[in-house]
Amino acid sequence: MRNYQIEDLPDYFKQYKKSIKNPKKFWDNIADKNFVWYQRWSKVVDYDMTEAKITWFKNAKLNIVKNCIDRHLAERGEKTAIIWEPNDPKEEALYISYNDLYKRVNKTANILRDLGIKKGDRVCIYLPMIPELAITMLACAKLGAIHSVIFAGFSASAVASRVNDCGAKMIITSDGSYRGSKVLDLKSIVDEALEKTESIENVLVVKRTHNEIKMKEGRDHRMADLYEKASEDFVTVIMDAEDPLFILYTSGSTGKPKGMLHTCGGYMVYTGYTFKNIFNYKENDIYWCTADIGWITGHSYILYGPLCNGATTVIFEGVPTYPQPDRFWEVIEKHKVTQFYTAPTAIRSLAKESTEWVDKHDLSSLKVIGSVGEPINDEAWHWFNDHVGKKKCPVVDTWWQTETGGIMISPIPFVTPTKPTYATLPLPGIQPVLMDDKRNEISGNQVTGNLCIRFPWPGIARTIWGDHQRYKETYFSAFPGKYFTGDGALRDEVGYYRITGRVDDVIIVSGHNLGTAPIEDSINQHPAVAESAIVGYPHDIKGNALYGYVMLKEIGEGRDRDNLKKEINQLISDQIGPIAKLDKIQFVSGLPKTRSGKIMRRILRKIAEGDFSNFGDISTLLNPEIVDEIKNERLG
Ligand code: WTA
């Protein structure tokens, strides 16, 4: 049993209470002390949680890049801002100082501007984990363009739909990418995507793999050619705190991906503040987050959060197991990493290797280790704590979302005692609440419910690009007046939170959020498919894997089942990307449905898990007999 109460954590509790009592003063103080502004705000926060209208630091003027780079030059000009570690350990790492980063960003901003990009324009970035990914994002921010990074594992169709949704004028890509032993041809994926888009005027191509690529006259430009001629001077564009900084797409339980929009002022304050506190960052630390910059974790905690604090941040191009399963440990030893932030799926895949891989490296530089993206199971937590942190580094299990901009619930190192599988306590300024299905707030401890947030925080996304109504409905209507996270959570006897997982139709596979609807839409495009339903089931390494129930049309009945499975997965790969492929496919003659035609996923989930114990009352289904049939086929 625990022998303390939250009130016994005086440092935390005092701060927390103060932040809740007067959130305006709390955030005013943080924004004022830690960042540089061209002009101060006239009001800290304005909000209407029913209309989903939120404004932070009204009328303030700033540029996030001035905070991330320019202001550090006087004191830290020669300090390394970015350590770039390539995919292949035989290739040399790159050390980019703040001075150097300043010049590179300025040159790139000039290139973008000369190609017609101006404040408010959207620029898609489809690059591997190379320095140019960070540099082009910062160049956009410096000139006021809105970047929208597309994870370089997405297919041409997924790229096209994002480009179209945000109406991007430019896309930045590379001749290819190295990931482990694979070489991917990104430029031809872009070429294919652009056949289905109209808004793109220019394509900028960075050299990485020396792949032979086709260049379209007038549209495509090689970055290297323009870079040589570009000026190193650039006048920073002054932004309003509420001007958009970037759009990042995330999966929803229904329909197309949602372009979450983050704005300049609040996002900067929130990522800068959380980075410093959660990673206990000190001046000479070497910080490494293994996420891809194509996801929010990379945006907030590889790029903006660390650079706002003048930190040294590692960008790693490769994968944990290439060329051998000790690649992570080798990089920690090589660069003397002090903070290491990764995902449960990576921990589980490395934990299944022999501990010799980790034990043969000197990891004594580590001070804090962290996890993000999905619930971390007990076994993985302990393995991480024992073998990586050697029981001397606090494990920060950080809960947050693309929509929240930054970390919301997490231990604070050396302040909050950790508890395996618990994200523990809300950060100062964050007010979580648990709600029951009848929209009542659940008070007290040792309870579970739907996780909501009561008061806005600076990092919250302001809208879904082009669809404020959807933003309002998705996040602010289920529990009026509160932000609904889509997650379920448990609050233990002292008030620690444990995130239990999604309560909607988003499934997290290897830390990637996947909506069931877009996958089902892809499957249903197969000419032999009548209908389909996707559910998640537990997987040792990926956390969840995808199980698809597919009902065929008559023309599909005579077809070879193995070929059909391959074709279905190929369709998903083409439309979304290989990350969304199904692990198991079961052909069924019908799907269990309610009388209103809704698929009963709860039952399908239990069957996929192999748990046939109690399906609850199925007599109200339109077709209860189908449940036994599906169950028997699953067994047989
Ligand atoms: C899940 C990633 C448990 C959660 C930053 C959330 C977590 C979704 C944790 C957001 C954690 C993230 N423990 N679950 N520490 N961190 N999640 O938008 O379901 O890619 O809603 O943002 O990941 O995923 P997203």
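Counting starts at 1 for both ligands and their atoms, following the listed order.
- Ligand 1 does not have Trp295 within reach: every non-hydrogen atom of the residue lies 4.0 Å or more from it.
- Taking the six-membered ring where the residue is Trp, the centroids of Tyr287 and Phe275 are separated by under 6.0 Å.
- For Thr402, a nitrogen or oxygen atom sits less than 3.5 Å from a nitrogen or oxygen atom of ligand 1, counting backbone and side chain alike.
- The aromatic rings of Phe328 and Phe340 lie perpendicular to each other, with more than 60° between the two planes, well past the 30° mark.
- Of all atoms in ligand 1, listed by their number and element, those nearer than 4.0 Å to a heavy atom of Thr398 are 9 (C), 11 (C), 15 (N), 16 (N).
- In this structure, His147 and Tyr304 have parallel ring planes: the angle between them is below the 30° cut-off, well short of the 60° mark.
- Salt bridge Arg502/Asp504: present, at least one basic N to carboxylate O contact under 4.0 Å.
- Here the shortest heavy-atom distance to atom 20 (O) of ligand 1, taken over Ile409, Leu248, Asn513, belongs to Asn513.
- The ligand atoms of ligand 1 that sit less than 4.0 angstrom from a heavy atom of Thr297 are 5 (C).
- Between Gly511 and ligand 1, not a single N/O pair is under 3.5 Å apart.
- For the pair Thr485 and ligand 1, the shortest N or O to N or O distance does not fall below 3.5 Å.
- Taking a cut-off of under 4.0 Å to the non-hydrogen atoms of Val372, the atoms of ligand 1 that pass are 5 (C).
- Between Tyr270 and Trp27, the angle of the ring planes lies from 30° to 60°, which puts this pair in the tilted group.
- Considering only non-hydrogen atoms, atom 14 (N) of ligand 1 lies nearest to Glu374 out of Met260, Glu374, Arg502.
- Residue Asp397 has at least one N or O atom closer than 3.5 Å to an N or O atom of ligand 1.
- Between Arg601 and Glu520 a salt bridge is recorded (basic side-chain N to carboxylate O distance below 4.0 Å).
- For Glu374 and Arg348, the salt-bridge test passes: some basic side-chain N is under 4.0 Å from an acidic carboxylate O.
- Taking the six-membered ring wherever Trp is involved, the centroid distance between the rings of Phe279 and Tyr341 falls below 6.0 Å.
- Residue contacts with ligand 1 leave out Ala423, since none of its heavy atoms falls under 4.0 Å from the ligand.
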